[in-house]
2 protein chains.
Amino acid sequence: MKRGYATGEARKERILAAALLEFAENGYRGASLARIAERVELSQAGLLHHFKSKELLLVAVLDYRDSLDTRKFDLGSAGGIDALRALADVVEHNARVPGLVQLFSVISGEAVTPGHPGHEWARRRYRRLRADVAAALRSGAERGEFRPGLDAEAHADRLIAMMDGLQTQWLIDPDRVDMAAIFRSYVDDLITVLRPE
Amino acid sequence: MKRGYATGEARKERILAAALLEFAENGYRGASLARIAERVELSQAGLLHHFKSKELLLVAVLDYRDSLDTRKFDLGSAGGIDALRALADVVEHNARVPGLVQLFSVISGEAVTPGHPGHEWARRRYRRLRADVAAALRSGAERGEFRPGLDAEAHADRLIAMMDGLQTQWLIDPDRVDMAAIFRSYVDDLITVLRPE
DNA sequence: GTCTATAGGATGATAGAC
DNA sequence: GTCTATCATCCTATAGAC
């Protein structure tokens, strides 16, 4: 591995981490390239050498966030009840990384307006998540853990909505909302409702 | 009613309506007083004569939005199953006013960061909503429609999270998400789960 | 109440030296 | 790769005339 390459990549990663913080705290529109540059002890022009524009930096940060999301919802193996429990684990994990959750909430909120640089990212993210969760539900039905007639897409939408909605409440009022516990009890109820008769 | 007063109020309301649009499209940070002024054919300085600052204008808009919300969740009368059905009606109504929903989503997203002028508003809103919904659930339990031991606060949080989460999905991908239908089916399932044995 | 003018900044992006 | 300098806007808010 060449040294120049390694330091270059390391530099880029430090920039991404700093940008993530800035975007999470101020949103895309409120974020400032100068402040991000300051956090990594670089001039604003130097920052723009690595990422050509603010917009490109944001999408790089969003991809970076996804890559950080180690505990990704991996259901190729799980599926069924295990997959739902794994989803609850994700929420529990999220409760320990408010910064990442805040980035997601702030950007998602902004990104509902068409033309926002995160709009496409948000849409792709929802579609992929919905497909993954729905697939897990269907595999549970095939295995006899859930009843056969379930509407997988609708339940996937609900699970995702519950996760996102609880995140917002939790961020706004952390002491009043036990995000992980509430989500887990929803999952438990869901398992009951979907149980085959 | 004095004429001067009436035109003054009407003017203010036109400003609020224009500001609502602008904030919904661009968020608080992305909104511009000059563009709002333009929409009501007023100079930017003229606009600031009616609302002293951008921040005060935002909170006025948020209050205005709440006042527009005619179909407010009024449960003093309803309670129990009727109240849950009324909630589903609210969601159905919201599906017809994307502008209002978008204002709410965008501002709520921004407002998770402390120091945002909408932060307090969002917190108050959640607490009030949670209290109202929880009260409705408890009144249902007292009347024997729901089982006695239910955790009213947790279910209230879930209902609110579901509403808000579905709104985001719907705004980002309107064709794929039937917000009202999905919420209604959640409510129906909940009524089943909470039914006394 | 409404205007013009302007203060006083901050912003993203580019040019060009080193 | 990193810098300084600068461009060209944009912004909120205020002062003061009418």
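Throughout, protein chains are lettered first and strands after them, A, B, ... in sequence-line order, and every chain is numbered starting at 1.
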Difference in axis direction between the ends of the helix from C:dG1-D:dC18 to C:dC18-D:dG1, five pairs, 10°: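 Answer for the end axes of this duplex: 0°.
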[N] [atom2] sits how many Å from [X] [atom1], rounded?
X: B:His49; N: D:dA17; atom1: NE2; atom2: C1'; answer: 15 Å
X: B:Glu38; N: D:dC10; atom1: CD; atom2: P; answer: 12 Å
X: B:Leu57; N: D:dT12; atom1: CG; atom2: P; answer: 10 Å
X: B:Lys12; N: C:dT2; atom1: NZ; atom2: C1'; answer: 15 Å
X: B:Glu22; N: D:dC10; atom1: CD; atom2: P; answer: 14 Å
X: A:Arg14; N: D:dG1; atom1: CZ; atom2: C1'; answer: 15 Å
X: B:Asn26; N: D:dT12; atom1: CG; atom2: P; answer: 11 Å
X: B:Phe51; N: D:dT12; atom1: CZ; atom2: C1'; answer: 16 Å

What side-chain donor-acceptor pairs closer than 3.5 Å can you find for residues 190-197 of chain A, not counting sequence neighbours?
from	atom 1	to	atom 2	distance (Å)
A:Thr192	OG1	A:Asp188	O	3.1

Test log, rule side chain to side chain donor-acceptor pair (under 3.5 Å), inputs A:Trp121 and A:Asp66: CA-CA 11 Å; A:Trp121 168 83; A:Asp66 285 342; 3.3 Å; yes
Reading 5' to 3' through nucleotides 3-16 of chain C, protein heavy-atom contacts under 4.0 Å coded B for base, S for sugar-phosphate only, - for none: BB------SBBB--
A:Arg125: partners by side-chain hydrogen bond (donor to acceptor under 3.5 Å, both in side chains), with sequence neighbours left out: none
Going by the rule salt bridge (charged side-chain N to carboxylate O under 4.0 Å, His left out), which residues pair with [X] if we only count those two or more places apart in sequence or in a different chain?
X: B:Glu142; answer: none
X: B:Glu22; answer: B:Arg35, B:Arg39
X: A:Asp173; answer: B:Arg127

Residue pairs passing the salt bridge (Lys or Arg N to Asp or Glu O under 4.0 Å) test where at least one lies in residues 154-163 of chain B, sequence neighbours excluded: A:Asp189-B:Arg158, B:Arg130-B:Asp157
Where at least one partner belongs to residues 110-122 of chain A, residue pairs that pass salt bridge (Lys or Arg N to Asp or Glu O under 4.0 Å), sequence neighbours excluded: A:Arg29-A:Glu110, A:Glu120-A:Arg123
Residues within residues 108-120 of chain A bordering DNA chain D, heavy-atom distance below 4.0 Å: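 By residue number: none to list.
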B:Lys54 (side chain) donor-acceptor with B:Leu48 (main chain) under 3.5 angstrom: no
Set of residues satisfying side chain to side chain contact (heavy atoms under 4.5 Å, CB included) with respect to A:Leu56, sequence neighbours excluded: A:Lys52, A:Ser53
Within residues 30-58 of chain B or reaching into it, pairs that qualify as ring pair (Phe, Tyr, Trp, His ring centres under 6.0 Å) - sequence neighbours excluded: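 Passing the test, one end in residues 30-58 of chain B: no pairs.
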